[in-house]
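In what follows, a structure is listed as structure tokens, so that the remarks can point back to it.
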Amino acid sequence: MTPDKNDPQGRRGFLRQVALAAATAPLTAGLLAADAPAGVAPPPAPAAGPLPGYASLSPDEAGLLEAMLNLMCPADQLTPNGVDCGLAVFIDRQLAGDFGRGARLYRQGPWPAGRPELGYQLPLTPEQYFKAGVAAATAACRKAHGKRFEELAPAEAETFLQDLAADKLDDSHFALGAWFNGLVYPLFEQACFADPLYGGNINKVFWKMVGYPGLPATHANDMLEFRGKPFPGAADPKSIADFS
Amino acid sequence: MATRLKKRTVVIVGGGLTAGLISRQLTAQGIEVLVLERGGNPSNGAAEKLPNQRDELRWDVRQGLVQDWAVQTYSLRHSRKDSALPVRRMEAFLPGEGRGGAGNHWTGITWRWPEYDPALRTRLESRYGKTAIAPEILIQDWGVGYAELESYHDLFEKLFGISGKAGNLNGQIQAGGNPFEAPRRNEYPQPPLEFTEAGLILKATAEKLGYKPFRMAAGNSSGTYTNPDGLKLGACQYCGHCDRFMCEAKAKATPELLLFPVLLERPQFEIRLNCHVLGVDYDRDGRRVTGVRYVDLLTGEEYEQPADVVVLGAFTMTNAKLLLMAGIGEKYDPVTGKGVVGRNFCYQTSSLVNLFFPDRWINPFLAAGCSGVNIDEFNADNFDHTGLGFLGGGAITANLKGGMPIRGRRVPPGTPRWGTAWKQANADWYSHSFALTAQATCYPHRENFLDLDPTYTDAFGQPLVRMTFDWQKNEMRMSEYVTKKMEAIAHATDAKIVGPAVPRKSPFDTRAYQSTHIVGGTPMGTDPRTSVVSPHLQHWDAPNLFVVGASVLPHNSGYNPTGPIAALALRLGDDLVRYVGKPGRL
């Protein structure tokens with residue numbers, strides 16, 4: 001079927017058919033109650049969990065990242081924990097791919113330090129930088145708390161993360177605050193809200209949480225019909241996989 | 001050794017919007033044009049096909065349609081006292097590449113600038129006195145008036161099927177339009193886009209406060225449209241994937257949809273893709289350029305392309321760079337104020353405030369890139385600046401742009417950055433918030449300029465363009481004023497929470513998107529001592545060399561610059577028809 005791109009009626013008709021076909025696909029709902037706080041109903045679990053295995057991270061690196069992501073995204077009434085949402089897989093795949101290897105990043109020296117507004121200025125690829133930061137954070141954690149980050153009690157871990165984000169853990173050799181705020185935190189947000197194609201946001205759980213309807217978003221009629229009103233499509237967002 | 005090719009009549013560097021418009025005028029008169037474009041053919045790829053077209057991570061966050069910074073970036077220092085460093089991944093602005101240039105990933109907002117902008121120095125001096133413009137502020141008249149450009153604005157709006165509502169038809173102010181608009185001979189070719197919920201909120205509040213809100217002039221097609229050349233636009237589907245995306249509905253006006261299909265059929269037109277121009281050949285004694293040199297990226301071979309006429313139609317920075325590298329025109333010196341190439345480099349001054357409405361469904365995903373509402377009372381010189389201590393101003397806008405969830409979420413001030421409370425705030429406010437934004441002027445300052453970086457080079461071994469730029473006192477004062485006005489409007493809505501309204505402050509930050517409206521560096525004007533090109537965009541030192549695009553604008557206004565850039569390009573196309581027939585000073 002080749003809809004005429006210049007005929008909006010034909011286009012909409014085509015897309016509505018696609019949307020209907022996708023809406024009738026079964027949703028396999030499971031339970032993921034183990035680490036949900038007592039007294040709140042767990043959300044429907046992902047149709048599938050994160051793909052097992054990492055492409056870039058070592059077990060130690062993954063250990064810190066997974067603990068951090070489960071702290072930043074605890075299992076609660078809104079979503080499963082960060083690892084079960086696929087956030088670690090997302091970050092691992094980004095580090096192993098174009099982004100992590102520094103594609104589209106200008107990487108010629110010399111490399112003097114500059115003010116923060118000039119942006120990232122290290123010779124490391126984002127993947128190397130990520131790993132250097134994990135090592136520095138692990139050392140900083142051992143210094144502050146005497147153990148690895150993933151061994152901290154929740155309150156200690158939260159304090160450590162707050163200090164990390166607030167630039168309070170920097171040593172003279174590695175700027176941990178800049179690492180967390182400039183690399184880790186953006187990857188965390190992307191992992192939550194990017195299309196599930198990339199391994200995070202499993203089951204579109206973050207899109208459902210906020211009410212983003214995803215794609216294909218042909219809203220010429222919706223604009224008026226649902227302006228200022230709840231949008232029904234927000235409850236059942238569509239991702240790239242739904243149209244592939 | 002570069003292979004020397006057969007001479008061509010007109011060679012244009014850069015295959016974007018201006019090249020398309022100039023080529024349209026020239027080839028219609030039978031004059032042959034060759035365009036050299038560093039990028040490829042952007043059409044029919046994943047960028048404009050469902051479902052991948054809607055991929056926020058790929059096209060927006062990772063800048064899939066933007067210049068590859070690994071190949072070419074710019075360096076920055078905030079003042080002459082600093083050393084510049086390369087911006088290794090630019091976020092503040094986003095040049096395009098490929099046929100159509102940034103016209104592929106632009107939003108589509110298509111203003112005409114105020115009637116006074118082309119004669120801004122005259123306007124400000126006559127309104128506020130001869131000393132109103134401080135000596136370090138290099139505002140200058142363009143040497144061409146709005147009246148001469150009006151017919152070209154009109155033609156461009158028809159070619160691109162712009163949707164909007166006239167505010168000033170032949171001097172008659174029109175209800176629903178912008179009362180500050182420059183007078184226009186015709187209504188917009190298409191009616192405006194629908195209001196968004198955010199637009200309705202700004203509209204009601206602005207009217208309550210006595211302002212005159214109006215809808216954006218949109219290169220997002222409000223209906224199906226056929227332009228004067230027979231090329232078509234589909235109707236906008238309000239998906240909001242405009243800025244940083246290509247439009248899969250063929251509803252966003254682009255050179256690729258509305259110029260190149262006709263040009264590619266014309267025997268006088270040729271575009272060579274994947275051809276990166278390395279330099280302009282300048283015969284200093286003969287006071288003329290003889291052609292350009294480029295590398296074909298598909299073979300690695302270098303070519304010398306002789307030409308009767310060369311037009312620089314690349315991104316702002318590249319136009320300046322090609323002149324600096326060839327030594328055409330004197331390089332600007334901020335110490336003496338002498339020289340011209342690199343001066344009048346300006347950015348655009350933006351700020352925003354977030355608004356939160358627990359009881360209203362804003363639905364940020366129900367929007368087009370240009371389905372916004374503006375007020376213009378505090379823009380540019382639309383208000384009396386007597387005693388204010390600054391010049392310029394900005395438009396205040398409510399524009400949703402699609403609510404993409406990675407970059408398009410807002411949470412109230414004080415929200416934790418992670419954890420259940422962070423998630424809950426996102427769940428609570430994603431559909432119940434929007435931002436008012438101000439897009440404001442940036443006037444040229446003696447200390448803001450472009451030159452060649454002494455240290456860093458691009459993938460071709462050529463120096464990076466070095467920006468010496470920071471927000472100056474005039475822009476910071478102006479931003480403070482406009483942002484306060486915007487904050488007052490925010491508080492006059494029924495928003496339950498209004499976030500901090502932070503005016504733009506030094507230092508210029510490359511890490512956050514602000515605007516791709518980078519202008520100047522090769523300014524136009526009437527005086528060869530303060531301009532690179534004449535009011536006809538002809539180089540003062542080499543009459544067969546022309547420069548076009550944002551780089552010729554001597555200041556930036558509080559409006560997107562595509563309108564005047566397009567009008568100047570169409571006019572240059574007509575000028576070149578005359579020039580090719582009878583070369584000489586235009």
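Every heavy atom of this structure was used, including side-chain atoms; hydrogens, water molecules and symmetry mates were not. Letters A, B, ... are given to chains in the order of the sequence lines, protein chains preceding strands, and every chain is numbered from 1.
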Checklist entry - When the aromatic ring centroids of Phe226(A) and His219(A) are compared, is their separation below 6.0 Å? => result no
Item to check | Which of Thr455(B), Thr457(B), Leu464(B) touches chain A most, by non-hydrogen pairs under 4.5 Å | outcome: Thr457(B)
Next on the checklist: Report which part of Val66(B) has an atom under 4.5 Å of a heavy atom belonging to chain A: side chain, backbone, both, or neither.
Outcome noted: both
Item to check | Among Pro112(A), Gly114(A), Gly228(A), Gly119(A), residue most engaged with chain B (heavy-atom pairs, under 4.5 Å) | outcome: Gly228(A)
Checklist entry - Of all of Ala234(A), Pro230(A), Ala241(A), Pro74(A), which one pairs up most often with chain B through heavy atoms under 4.5 Å apart? => result Pro230(A)
Item to check | Between His241(B), Glu56(B), His78(B), Gln67(B), the one whose heavy-atom pairs under 4.5 Å with chain A are most numerous | outcome: His78(B)
Checklist entry - Do the side chain of Lys204(A) and the main chain of Pro237(A) share a donor and acceptor less than 3.5 angstrom apart? => result yes
Next on the checklist: Please report whether the ring centroid of Trp69(B) lies less than 6.0 Å from that of Tyr106(A).
Outcome noted: no
Item to check | Pick from Gly82(A), Ala194(A), Pro213(A), Cys73(A) with the largest number of heavy-atom pairs that fall under 4.5 Å of chain B | outcome: Pro213(A)
Checklist entry - Looking at Arg107(A), Met72(A), Gln94(A), which makes the most heavy-atom pairs under 4.5 Å with chain B? => result Met72(A)
Checklist outcome for this item: Honestly, the part of Gln63(B) sitting under 4.5 Å from a heavy atom of chain A is both
Next on the checklist: Does atom CG (Asp494(B)) have a neighbourhood of more than 12 heavy atoms from anything else shown, all under 6.0 Å?
Outcome noted: yes
Item to check | Max heavy-atom pair count under 4.5 Å with chain B, selected residue of Phe188(A), Phe99(A), Phe206(A) | outcome: Phe99(A)
Checklist entry - Side chain, backbone, both or neither: which part of Leu193(B) has an atom under 4.5 Å from a heavy atom of chain A? => result neither
Next on the checklist: A cation-pi test, strictly: NZ or CZ of Arg244(B) under 6.0 Å from the centre of the six-membered ring of Tyr513(B) and no more than 45 degrees from its axis. Yes or no?
Outcome noted: yes
Checklist entry - For Ala113(A), is it the side chain, the backbone, both, or neither that has a heavy atom closer than 4.5 Å to a heavy atom of chain B? => result backbone
Next on the checklist: Counting only non-hydrogen atoms closer than 4.5 Å, does Ala512(B) touch chain A with its backbone (N, CA, C, O), its side chain (CB onward), both, or neither?
Outcome noted: neither
Checklist entry - For chain B, which residues of residues 154-163 of chain A have at least one non-hydrogen atom nearer than 4.5 Å to it? => result Glu158(A), Leu161(A), Gln162(A)
Checklist entry - For the residue pair Trp361(B) and His432(B), does the interplanar ring angle fall in the parallel (under 30°), tilted (30 to 60°) or perpendicular (over 60°) class? => result tilted
Next on the checklist: Please classify the contact between Pro110(A) and chain B as side chain, backbone, both or neither, with a heavy-atom cut-off of under 4.5 Å.
Outcome noted: both
Item to check | chain A contact via Ser75(B) - which portion, at a heavy-atom distance below 4.5 Å | outcome: neither
Checklist outcome for this item: The interface call for Arg62(B) against chain A, heavy-atom contacts under 4.5 Å, is both
Item to check | Heavy-atom contact with chain A under 4.5 Å, split by part of Gln72(B) | outcome: neither
Checklist entry - Where does Asp458(B) contact chain A at under 4.5 Å (heavy atoms): side chain, backbone, both or neither? => result backbone
Checklist outcome for this item: If you tally heavy-atom pairs under 4.5 Å between each of Phe195(B), Phe365(B), Phe357(B) and chain A, the highest tally belongs to Phe365(B)
Checklist entry - In chain order, what residues pass the side-chain contact (heavy atoms from CB on, under 4.5 Å) check against Glu189(A), with sequence neighbours excluded? => result Tyr185(A), Arg409(B), Trp422(B)
